[in-house]
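Keep in mind it's a predicted model, so treat the numbers as computed, not measured. Letters go in sequence order (proteins before strands), and every chain restarts at 1.
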Amino acid sequence: MMAEFGHFTLILALMMALIQGTLPLIGASRNIKSWMLSGLYAGRAQFLFLSLSFGSLICCFIQNDFSVLYVAEHSNSDLPLYYRIAATWGAHEGSMLLWATILAFWTLMVSSIQGSLSLDFHARVMGIMGLISLGMGLFVLLTSNPFTRLVPVPLDGHDLNPLLQDFGMTIHPPMLYMGYVGLSVVFSFAIAALLGNHLDSAWARWSRPWTLIAWIFLTFGITLGSWWAYYELGWGGWWFWDPVENASFMPWLVSTALLHSLAATEKRGAFKAWTVLLAIFAFSLSLLGTFLVRSGVLTSVHAFASDPTRGSFILVLLGLVVGGSLTIYALRAPKIREISEYALVSRESLLLVNNVLLVSAAASILLGTLYPLILDALKLGKISVGAPYFTSVFAPLMAPVFLLAGVATLVGWREASLSKLLRQLRYLGPTSLILGIALTAVFWQVDDLKTLSGLTMGIWLVATSLLSLWNRIRLRKRFVEGLLAQSTSFLGMTTAHIGIAVFLIGVVISNGYSQESVVRLAIGDSTDLAGYTFTFRGIEDVVGPNYKAKEATFTVTRGSSEEAVLRTEKRIYKVQRNNMTEAAISPGLTRDLYVALGDPIDQQTWSVRVYYKPFVRLIWLGGLIMMAGGFLSVIDKRYRLSHLIRSVSKTQTLQSPPRHS
Amino acid sequence: MKIRFLIPLAVFLVMTAFLAIGLKLDPREVPSPLIGKEAPKFSLTDVMDASKAMSTYDLKGDAVLVNVWASWCVSCRQEHPILLDLAKRGEVTIYGINYKDTREEAQKWLRSYGNPYHSSAFDPNGHTGIDWGVYGVPETFVLDKQGVIRHKHTGPLTQAVIEDELLPIIRKLRGEP
């Protein structure tokens, strides 16, 4: 019954999407008020029906209803309740339904916040989101229906992929989808603005908080994914340049560029056509990511689900959404008038450099990801593009980003004095370099240029960001008073830039100085790595809800002090007969100690992998700091509703006269 | 209409065309012209021991698997536990060709993750790989008792591929003279 209810509400939601995708758009062009308003109600109804539909799928999982094919394939009566719920989005059908539900959630949010948006603009935004919902709804219903029944009913289910039976993996997809799908809001704003000729600073100001929120989720999702790969895959790595990872990283790079270009559009009216294009790209890359992951055109270590008919459907959807929006862009963009003027040394120029670098980085990742496919299609052979390509292309593109991110905040809009800037930086530059060299020399080897330049850039980025903050605080008499006088969006930007520096330092040190060794250890034996002694204390059998495991205990000592007790497991999941290694990690800000149980050599002896990973936590800490920065920015009072309404009406009155001239 | 605003659309259309063709292709399936022919000859050294020779002659005598791998290949790590498992069962001997790698990295890799191979030929410049028609690692060949290539699998091995694809062929080849 539950499955039919879910199926039925899914169809109802699709009907709502059909109304939402048509009436408001027609209403906006013909100026029919009731049609324009209909989109808001249809959008809210769509959210209601999709939540009911998604909720009933969760119920099917909770009740172990193995007459539903999707439940039978991805759950099992022994699976703990928590993972049964998470299994709802553990595979293709459910995760696509989650995608659609999250889109409906964003629709609800947009429909509830009208503020001072003109009715026709708001209606167009709703209409475009409705069209996307319609496409996704049809996709779920026609190619990936999670409510299909299974006859005869199996006694038990096939269980969830053990890799996904993990806390990080249960929240990673929803967070990532919140980010992916959140970009549809900015996309819809951009298309609506193109359609209605509304490309002004009010549009940019409305777009910024939505972009920020989506960006925060995207940052969180990617950070979580990387953390998951680190501890769950048991390889000790945190990023593999895998197509699926790239698919999430490209929208992140472009939405980061979009955030910066929106700032220039809002404050100075600059780069309007470019900003619109970035908004289109950001969401297009999210859709492309979905296509790459779901169609199986590329081989990936995350090959979770792939099916060519689904691939064709998403490709058509991608073609319609992206092709359609780029056509609208080609028709309307020539009419956009760029009113701003700026000098070579100005914040606008530096933001432009930021955009060029970030977009080039995204483009080179796109090229690397699609290159095997292009060669294959041209019958030039099959190749795989690996980490060497990505690191050699990516590092030189990102180095100037790290160098300029802090500097840009010291430079004023429109025109700034180069000599004044250089005077401000005359001590910081050499100081960062000396500090970088000194730290490298003391803790590592001074001739290690990678670490040295990475550390220096990290210190420089922090220093320039803080200098910019200090310049502003200094205007007040007292420090605290000065700090409190800053807008949260400025503090947010500073925080996010420091987050990048923390991330960079983590990458450089952990890549340069991680140590690993593989040893055969009998119970009682010990091995030394990076000054730590790992002792194999014993092994015992453990029984989990749906697996059996060997659990090995290690103690780690340094000198005479005990650092950690680590318990690593080798699990065999009963249903899928998969072997899984649960690595044991002793986390620390300055080092991670990581033990993973290998294979048994005999009754008493096992092969064991031990890792020492210095400062690896900084990688994810950096991600979290960036997120915190985004959060600070989004709560800025400039974006609060009451303020938006006032300021938008002000900009409209200010801007209307030149529009007629 | 200014032409430059059409550029994004044009780029996108080209990309879509490639994606559409890509949908029809299976990245894992590459027909090999070498099937049914004798395995291309090589005379290399053992990756674990530079003083030990290894050649196509070593592969003859029984139906064997030849797995092309590299320490830089992410998909190889994915299939690695499956190879280890297969090696432990002892049903078939697995040989390796270590493709475009350095001896140091390859040895480190085998020590870290375990060595399922009876022995691996060290092919640093990839010449043998090219002779064997290797497009992208990992690839796995099935050779019969005479050293003739009888089957090829491109992309990482899975438990299902081994059970349903490779082992049946090997059992059949064992029955042949």
- Note on the structure: B:Ser112 and A:Arg609 have their tightest heavy-atom pair at O-CD, 3.4 Å
- Task: Identify the two heavy atoms, one from B:Phe12 and one from A:Gly323, that lie closest to each other, and give their separation to 0.1 Å.
- Result: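 B:Phe12 and A:Gly323 have their closest heavy atoms at CE2-N, 3.5 Å.
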- Item | Interface moiety of A:Ser607 toward chain B, non-hydrogen atoms closer than 4.5 Å |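 For A:Ser607, no heavy atom lies under 4.5 Å from chain B.
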- Message: Counting only non-hydrogen atoms closer than 4.5 Å, does A:Leu366 touch chain B with its backbone (N, CA, C, O), its side chain (CB onward), both, or neither?
- Response: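 Contact with chain B involves the side chain of A:Leu366 alone.
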- Proximity breakdown for B:Pro81 and chain A, heavy-atom pairs closer than 4.5 Å: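 The answer is neither part of B:Pro81.
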- Message: Does any backbone or side-chain atom of B:Leu13 lie under 4.5 Å from a heavy atom of chain A? Answer side chain, backbone, both or neither.
- Response: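 Looking at B:Leu13, nothing touches chain A.
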- Check step by step if side chain to side chain contact (heavy atoms under 4.5 Å, CB included) holds for B:Thr16 and A:Leu318. CA-CA 9 Å; B:Thr16 314; A:Leu318 188 73; 5.8 Å; no
- Begin with the C-alpha distance, continue with both residues' side-chain angles, and end with the deciding distance and a verdict on side chain to side chain contact (heavy atoms under 4.5 Å, CB included) for A:Leu288 and B:Leu19. CA-CA 10 Å; A:Leu288 181 73; B:Leu19 290 176; 3.6 Å; yes
- Task: Decide if atom CZ of A:Arg520 counts as having more than 12 heavy atoms of other residues, nucleotides or ligands within a radius under 6.0 Å.
- Result: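 No, the 6.0 Å shell around CZ holds no more than 12 heavy atoms from other groups.
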- Query: Can you tell me if NZ on B:Lys108 sees more than 12 non-hydrogen neighbours from other groups inside 6.0 Å?
  - Reply: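 Incorrect, the count does not exceed 12.
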- Query: Roughly how far apart are A:Leu277 CG and B:Phe5 CZ, rounded to 0.5 Å?
  - Reply: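 If we round to the nearest 0.5 Å, A:Leu277:CG and B:Phe5:CZ are 9.5 Å apart.
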